[in-house]
Amino acid sequence: MNYWLLKSEPSSFSIDDLARARGRKTAWDGVRNYQARNMLRDEMKKGDRAFFYHSSCEVPGITGIVAVVRAGYPDVTAFDPKDHHFDPDSDPHAPRWFMVDVKLVRKFERSITLDELKRHASGKLKDLQLLQRGTRLSVMPVSAQSWKFILSLA
DNA sequence: GCCAACGTTGGC
DNA sequence: GCCAACGTTGGC
């Protein structure tokens with residue numbers, strides 16, 4: 001089993017939105033970055049776990065855990081001209097963008113803030129991409145060690 | 001293939 | 001709202 005971190009802006013989709021969703025599940029759509037796409041398409045497997053991270057908000061941080069319940073499949077929002085993430089160059093016969101389905105496993109009592117994570121940037125969380133310079137990916141792998149340590153902060 | 005211009009991300 | 005860092009686009 002592999003571990004991941006998924007970013008979402010709570011103003012567009014928060015962990016509470018996920019908690020309210022039918023079956024506490026959602027399709028993780030709208031990712032339009034090739035590196036992230038590759039992970040969604042090729043590497044994320046059913047049963048993998050991911051931290052749910054709130055970005056671009058008052059207090060950025062990890063707010064809970066989700067499970068991958070369906071591995072990568074074509075992101076249909078790319079084919080919908082009315083969708084915000086529409087991509088006219090994505091061919092339905094050779095889809096360019098992919099998504100996975102995730103299900104809420106646990107919402108933390110309090111969010112583990114970016115501030116708090118940063119305090120371990122040169123220690124236990126040395127390998128956490130989130131803390132590395134210039135990392136803007138909305139999907140990133142998390143090592144088993146970092147996963148375990150972050151859980152101990154929750 | 002280079003690179004300038006532009007767009008996006010995301011913390012602050 | 002600012003800006004650093006990065007990705008993408010398109011002319012050449």
Side-chain angles (χ1 to χ4, degrees), chain A residues 2-21 26-44 48-66 68 71-102 104-143 145-147 149-154:
Chain A
N2 288 311
Y3 301 107
W4 308 91
L5 183 143
L6 298 170
K7 290 183 189 171
S8 184
E9 299 188 15
S11 59
S12 67
F13 191 81
S14 71
I15 196 161
D16 290 321
D17 291 327
L18 180 56
R20 282 189 293 267
T26 191
W28 202 264
D29 61 21
V31 174
R32 297 292 180 266
N33 170 283
Y34 288 105
Q35 243 182 297
R37 185 280 309 271
N38 292 347
M39 290 187 266
L40 291 170
R41 185 189 60 189
D42 307 330
E43 296 177 51
M44 292 183 79
D48 284 359
R49 296 289 161 114
F51 285 130
F52 193 115
Y53 179 84
H54 280 177
S55 66
S56 293
C57 57
E58 207 169 325
V59 185
I62 294 170
T63 53
I65 296 171
V66 298
V68 176
Y73 63 105
D75 181 345
V76 291
T77 66
F79 310 133
D80 178 1
K82 291 192 292 291
D83 194 279
H84 182 244
H85 298 288
F86 175 59
D87 177 2
D89 295 330
S90 184
D91 174 359
H93 299 293
R96 174 181 293 184
W97 304 114
F98 284 72
M99 59 188 179
V100 298
D101 287 351
V102 300
L104 183 62
V105 170
R106 175 180 170 196
K107 181 191 167 184
F108 295 147
E109 310 267 315
R110 57 173 197 93
S111 116
I112 304 167
T113 66
L114 179 59
D115 237 29
E116 188 172 356
L117 296 171
K118 277 181 176 169
R119 290 205 283 272
H120 307 280
S122 53
K124 295 271 195 183
L125 298 179
K126 205 181 303 180
D127 68 359
L128 190 66
Q129 284 187 28
L130 182 73
L131 302 177
Q132 285 159 19
R133 175 178 145 277
T135 303
R136 298 174 314 168
L137 281 179
S138 62
V139 178
M140 62 181 78
V142 173
S143 70
Q145 298 92 307
S146 289
W147 179 272
F149 180 71
I150 292 168
L151 269 188
S152 77
L153 300 173

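The chains referred to below are lettered A, B, ... by the order of the sequence lines, with proteins before strands, and numbering in each begins at 1.
- A salt bridge links Arg20(A) to Asp17(A): at least one charged side-chain nitrogen sits closer than 4.0 Å to a carboxylate oxygen.
- Per the geometry, CD belonging to Gln132(A) stands 17 Å off C1' belonging to dT9(B), to the nearest Å.
- In this view, Asp29(A) satisfies the side-chain hydrogen bond (donor to acceptor under 3.5 Å, both in side chains) rule with no residue, not counting sequence neighbours.
- Listed pair Tyr53(A) / dG11(B) meets the phosphate criterion, a side-chain N or O lying under 4.0 Å from OP1 or OP2.
- The separation between Asp87(A) atom CG and dT9(C) atom C1' is 13 Å, rounded to whole Å.
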Footprint string (nucleotides 2-8 of chain B, 5' to 3'): B base within contact, S backbone only, - free, heavy atoms under 4.0 Å = -----BB
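- Residues Ser138(A) and Asn33(A) bring no donor and acceptor atom of their side chains to less than 3.5 Å of each other.
- To the nearest angstrom, P of dC12(B) lies 16 Å from CZ of Arg133(A).
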Please step through side chain to side chain donor-acceptor pair (under 3.5 Å) for the pair Thr113(A) and Arg119(A), ending with a clear verdict.
-> CA-CA 10 Å; Thr113(A) 66; Arg119(A) 290 205 283 272; 5.9 Å; no
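- Distance, Leu130(A) CG to dG10(B) P: 9 Å, rounded to whole Å.
- The ring pair (Phe, Tyr, Trp, His ring centres under 6.0 Å) test applied to Phe98(A) returns no partner, not counting sequence neighbours.
- For Trp28(A) and Asp101(A), the side-chain atoms include no donor-acceptor pair closer than 3.5 Å.
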Could you go through the side-chain contact (heavy atoms from CB on, under 4.5 Å) check for Lys118(A) and Leu125(A) one step at a time?
-> CA-CA 8 Å; Lys118(A) 277 181 176 169; Leu125(A) 298 179; over 6 Å; no
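- For the pair Trp97(A)/Val31(A), no side-chain contact is recorded, criterion being any heavy-atom separation below 4.5 Å from C-beta on.
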Name every donor-acceptor pair, under 3.5 Å, that has one atom in a side chain of residues 54-63 of chain A and the other anywhere in the protein, sequence neighbours excluded.
from: His54(A); atom 1: NE2; to: Ile15(A); atom 2: N; distance (Å): 3.1
from: Thr63(A); atom 1: OG1; to: Phe52(A); atom 2: O; distance (Å): 3.1

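- Residues of residues 3-15 of chain A that place a heavy atom closer than 4.0 Å to DNA chain B, in numerical order, are Lys7(A).
- Classification of Asp75(A) and Arg96(A) as a salt-bridged pair fails, no side-chain N sitting under 4.0 Å from a carboxylate O.
- Residues of residues 108-124 of chain A having a heavy atom closer than 4.0 Å to DNA chain B, listed by number: Leu114(A), Lys118(A).
- Looking at Ser14(A) and Asp16(A), their side chains never bring a donor and an acceptor atom within 3.5 Å of each other.
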